Amino acid sequence: MTETCVILDIGGVLEITPETGSVLRWEDRLELPFGTVDERMHDVWQAGCVGSISEREVHEQVAARLGLDALQAEAFMADLWAEYLGTPNEELIAYVRGLRGSCKLGILSNSFVGARERETALYHFDELVEHIVYSHEIGVEKPDPRAFEAACAGLEVRPESCLFIDDLAANVEAAQAVGMRAHLFQDNARTITRIAAHLDTGPRS
């Protein structure tokens, strides 16, 4: 349980995920006031993040709450998934791929029901790291300490052996609170330097 470990977030780290404005476009198209989609769908989005609703139920609720037919609901969700999945951060992914065998590698992601299947098909994260923890599969989101504990348990490592990379300060602070080393992602160069330093120093004694 002393092996050095690196655990990464997905959205904003391994995936580049700028807002696309798709929700605003749908509100314009449906002649809904600004903020209506999030107001009507908030509890559904939250349920999807912790896996207490199925993808089919999400589609049903989108159609019912936004007044969409089946094809519109499918198009709406396709737009949301396009924004969610973004594009791959090729430089960082390539660097992490080169670490295989030199340390344990994992992913800890606040996710949405259906994310594993889509990200596996698009980005093959299951081949990049040894273990992936998705919030919708464990029922807990970062910054809850249980999310970080689940990631460490899945990799069979101690928190103090791990460097956690995330683009949100609250999650970085939460990781540190459970004993992990943590780095706030701002760009690839600084992140790669930080990972290299972690692997050079190794786990604490």
Side-chain angles (χ1 to χ4, degrees), residues 7-89 106-126 128-129 131-151 153-154 164 166-172 174-175 185:
I7 300 175
L8 304 102
D9 178 37
I10 294 180
V13 178
L14 292 173
E15 290 171 359
I16 301 166
T17 54
E19 291 186 10
T20 64
S22 62
V23 169
L24 285 174
R25 288 193 296 275
W26 275 97
E27 287 176 337
D28 286 342
R29 191 179 310 172
L30 299 171
E31 298 182 343
L32 296 172
F34 173 77
T36 299
V37 169
D38 285 338
E39 181 182 325
R40 293 184 185 177
M41 300 303 304
H42 176 76
D43 61 323
V44 174
W45 299 154
Q46 186 56 39
C49 290
V50 294
S52 60
I53 191 171
S54 69
E55 273 201 82
R56 179 182 58 79
E57 290 168 328
V58 170
H59 278 252
E60 290 172 353
Q61 289 299 317
V62 163
R65 297 186 186 199
L66 300 181
L68 307 179
D69 62 30
L71 287 177
Q72 287 176 316
E74 187 175 337
F76 176 87
M77 289 304 301
D79 284 348
L80 262 60
W81 276 116
E83 181 170 302
Y84 179 101
L85 295 166
T87 56
N89 185 346
I107 282 173
L108 173 59
S109 174
N110 282 357
S111 53
F112 196 81
V113 60
R116 181 183 288 272
E117 295 81 0
R118 287 169 173 83
E119 287 173 333
T120 296
L122 274 177
Y123 304 133
H124 306 288
F125 289 145
D126 59 319
L128 182 69
V129 302
H131 187 67
I132 304 176
V133 173
Y134 282 107
S135 66
H136 75 274
E137 294 177 346
I138 63 170
V140 174
E141 288 187 290
K142 299 171 293 185
D144 191 308
R146 292 173 293 175
F148 302 97
E149 290 163 2
F164 175 69
D166 201 289
D167 63 322
L168 295 179
N171 295 335
V172 168
F185 179 88

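Note that this is a predicted model, so its numbers are computed, not measured.
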With the side chain counted from C-beta on, respond yes when [X] and [Y] share a heavy-atom pair under 4.5 Å apart, and no when they do not.
X: D166; Y: F185; answer: no
X: Y134; Y: I10; answer: yes
X: Q61; Y: R40; answer: no
X: L85; Y: R118; answer: yes
X: D9; Y: N171; answer: no
X: E39; Y: F34; answer: no
X: V113; Y: S54; answer: no

**Request:** Return the orientation label for the F76 and W45 ring planes: parallel under 30°, perpendicular over 60°, tilted otherwise.
**Result:** parallel
**Parallel, tilted or perpendicular, as decided by the 30° and 60° cut-offs, for the rings of Y123 and F125** =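 The rings of F125 and Y123 sit tilted, inter-plane angle from 30° to 60°.
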**Asked** Distance only, no hydrogens: is a donor on one side chain within 3.5 Å (strictly under) of an acceptor on the other, for T120 and E117?
**Response**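 No.
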**Donor-acceptor contact below 3.5 Å, side chain T20 vs main chain E83** = no
**Complete:** Closest heavy-atom pair, A115 versus W81, reported as atoms and distance to 0.1 Å, is N-CH2, 3.6 Å
**Message:** Under the rule for side-chain hydrogen bond (donor to acceptor under 3.5 Å, both in side chains), what residues qualify as partners of D167, not counting sequence neighbours?
**Reply:**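 Testing D167 for side-chain hydrogen bond (donor to acceptor under 3.5 Å, both in side chains), a comparison that skips the adjacent residues, returns none.
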